[in-house]
Amino acid sequence: ADSIAFVENFIENWVKDMLILKEAEDDYKYDSEIEKQVEDYRRFLILQRYQQSLVSKAKNGISEEQKRQYYQANLHKFVLNDFLIKGIFLKVPSYAPNIDEVADLFRLRNEDDSTLLEQYSLMNATQFIDFSENWKSGNDIKRYLPIEANEVENKLSGSCLIEKSDSVYTYFLKIVDYEKYGSTVPYEYVESTISDLLRGENDLKYINNYRDSLFVDAKQRKIIKYIK
């Protein structure tokens, strides 16, 4: 019944829109300003679609060397305004079994400890995130832990384990690597941003060169006529 009412309401609103559009079209039938805006927007859409097609066909890829060169040449732009960490996060109910042993497993002295931690997480964890190979910011960490970000940052001194509890959960954060506020942003953290930036610059350069070549060709073929 709800779905039928939804469809009927949708159709009724569409009919109302068409009725008022018909009145509006009759009222603005000879409005040159609207016609100009419609034509301008149509021209914009066609140009945008065609330029996207040209860029897609050109396949201007960005090499690893180009990205690293840009990174090295612009290190002054890549300064952290937040801290970054790599690590492992675990959130378990405070009533979970053997919770006192979790801290020992978190120290990951060997592969067996790591396997046991993963098995424990599968059985008991509400949330388990292994980001030991990927950077996360202080803002990300605030979403996981009931702790102020600066409290985490104050503990950044080599590999460490942060344990925190509230009335419902116990939280573990194992930090395996970090970059402090004000230090240089790691390359891998901004690699995708650099790729997007360089790709945008390449695409713009390609389109400008294409426009220039069309202009030169049109002049040579005397397609362009200047009226004095």
Where do K57 and S53 land on the side-chain contact (heavy atoms from CB on, under 4.5 Å) test, with the steps shown first?
-> CA-CA 6 Å; K57 290 175 183 176; S53 173; 3.5 Å; yes
Walk me through it: do K164 and D166 pass the test side-chain contact (heavy atoms from CB on, under 4.5 Å)?
-> CA-CA 7 Å; K164 198 81 174 177; D166 57 26; over 6 Å; no
Please walk me through it: do F172 and F89 pass ring-ring contact (aromatic ring centres under 6.0 Å, His included)?
-> CA-CA 6 Å; F172 297 91; F89 172 75; 9.1 Å; no
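Within the 4.5 Å cutoff, no side-chain heavy atoms of L80 are placed close to those of T184. Taking 4.5 Å as the limit, every side-chain heavy atom of I175 sits out of range of all side-chain heavy atoms of K86. At a threshold of 4.5 Å between non-hydrogen side-chain atoms, the residues V55 and Y50 do not count as touching. Inter-residue side-chain proximity for P93 and T126 is flagged as met; some heavy-atom pair is nearer than 4.5 Å. Side-chain contact between D196 and I194 is absent, with no heavy-atom pair separated by less than 4.5 Å. L90 is listed as a side-chain neighbour of S121, based on a closest heavy-atom distance under 4.5 Å.
Annotation for Y187: atom OH counts as buried by contact number, over 12 foreign heavy atoms lying within 6.0 Å. In this structure, E133 places its CD atom where only 12 or fewer heavy-atom neighbours from other residues, nucleotides or ligands lie under 6.0 Å away. The 12-atom threshold is not exceeded at CD1 of I20, counting heavy atoms of other residues, nucleotides or ligands nearer than 6.0 Å. Heavy-atom contacts from other residues, nucleotides or ligands closer than 6.0 Å to CE of M123 number 12 or fewer. Other residues, nucleotides and ligands place more than 12 heavy atoms under 6.0 Å from the CD atom of E64. Surrounding OH of Y181 are at most 12 heavy atoms belonging to other residues, nucleotides or ligands under 6.0 Å away.
Summarising the geometry, atom CG belonging to L214 is positioned 11.0 Å from atom CG belonging to N209; distances are rounded to the nearest 0.5 Å. The OH atom of Y28 lies 11.5 Å from the CD atom of E23; values are rounded to the nearest 0.5 Å. Atom CG in N202 sits 12.0 Å away from atom CD1 in I207 (nearest 0.5 Å). Put simply, CD on E101 and CG on N98 are 4.5 Å apart, with the number rounded to the nearest 0.5 Å. To the nearest 0.5 Å, atom CG of residue L105 and atom CG of residue L161 are 11.0 Å apart. For the atom pair CD1 (I4) and CG (N9), the distance works out to 13.5 Å, reported to the nearest 0.5 Å.
In the hydrophobic clustering of ILVMFWY residues, with side-chain heavy atoms under 4.5 Å counting as a link, V92 and L116 come out together. Grouping the Ile, Leu, Val, Met, Phe, Trp and Tyr side chains by contacts below 4.5 angstrom, directly or via other members, places W135 apart from V79. Linking ILVMFWY residues whenever their side-chain heavy atoms come closer than 4.5 Å, directly or via other members, leaves V185 and I85 in distinct clusters. Residues Y189 and Y70 share a hydrophobic cluster, clusters being chains of Ile/Leu/Val/Met/Phe/Trp/Tyr side chains in contact below 4.5 Å. Linking ILVMFWY residues whenever their side-chain heavy atoms come closer than 4.5 Å, directly or via other members, places L84 and V190 in the same cluster.
Look at E201 and K205 and you find no salt bridge, because none of the NZ, NE, NH1 or NH2 atoms lies under 4.0 Å from a carboxylate O. Ionic pairing of E25 and K22 is not present here: no N-O contact between side-chain nitrogen and carboxylate oxygen is shorter than 4.0 angstrom.
A donor-acceptor pair under 3.5 Å is absent between the side-chain atoms of N74 and the main chain of K77, judged by distance alone. A distance-only check finds no donor-acceptor pair linking the side chain of D217 to the backbone of S213 [under 3.5 Å]. In this structure, S195 contributes its side chain and E191 its backbone to a donor-acceptor pair below 3.5 Å.
Cation-pi geometry between K180 and F83 is not satisfied (NZ or CZ under 6.0 Å from the ring centre, within 45° of the ring normal). Taking the ring axis of Y171 as reference, the NZ or CZ atom of K91 does not stay both within 45° of it and closer than 6.0 Å to the ring centre.
When all heavy atoms are compared, the tightest approach of Y120 to P97 is OH-O, 2.7 Å. The two atoms that bring G138 and D82 nearest to each other are N-OD2, 3.1 Å, heavy atoms only. Taking each heavy atom of I129 and Q127 in turn, the nearest pair found is CD1-NE2, 3.6 Å. Residue P186 comes nearest to E179 through the heavy atom pair CG-CG, 3.7 Å, listed as atom of the first residue, atom of the second, then distance. The minimum heavy-atom distance linking I88 with S132 is given by the pair CG1-CB, 4.5 Å. Contact record, S165 with T170: OG-OG1, 3.2 Å, taken as the closest heavy-atom pair.
Checked by atom type, the side-chain pair N139/S137 shows no donor-acceptor distance below 3.5 Å.
Of the candidates Q37, K36, R42, K36 is the only one forming a side chain to side chain donor-acceptor pair (under 3.5 Å) with D40.
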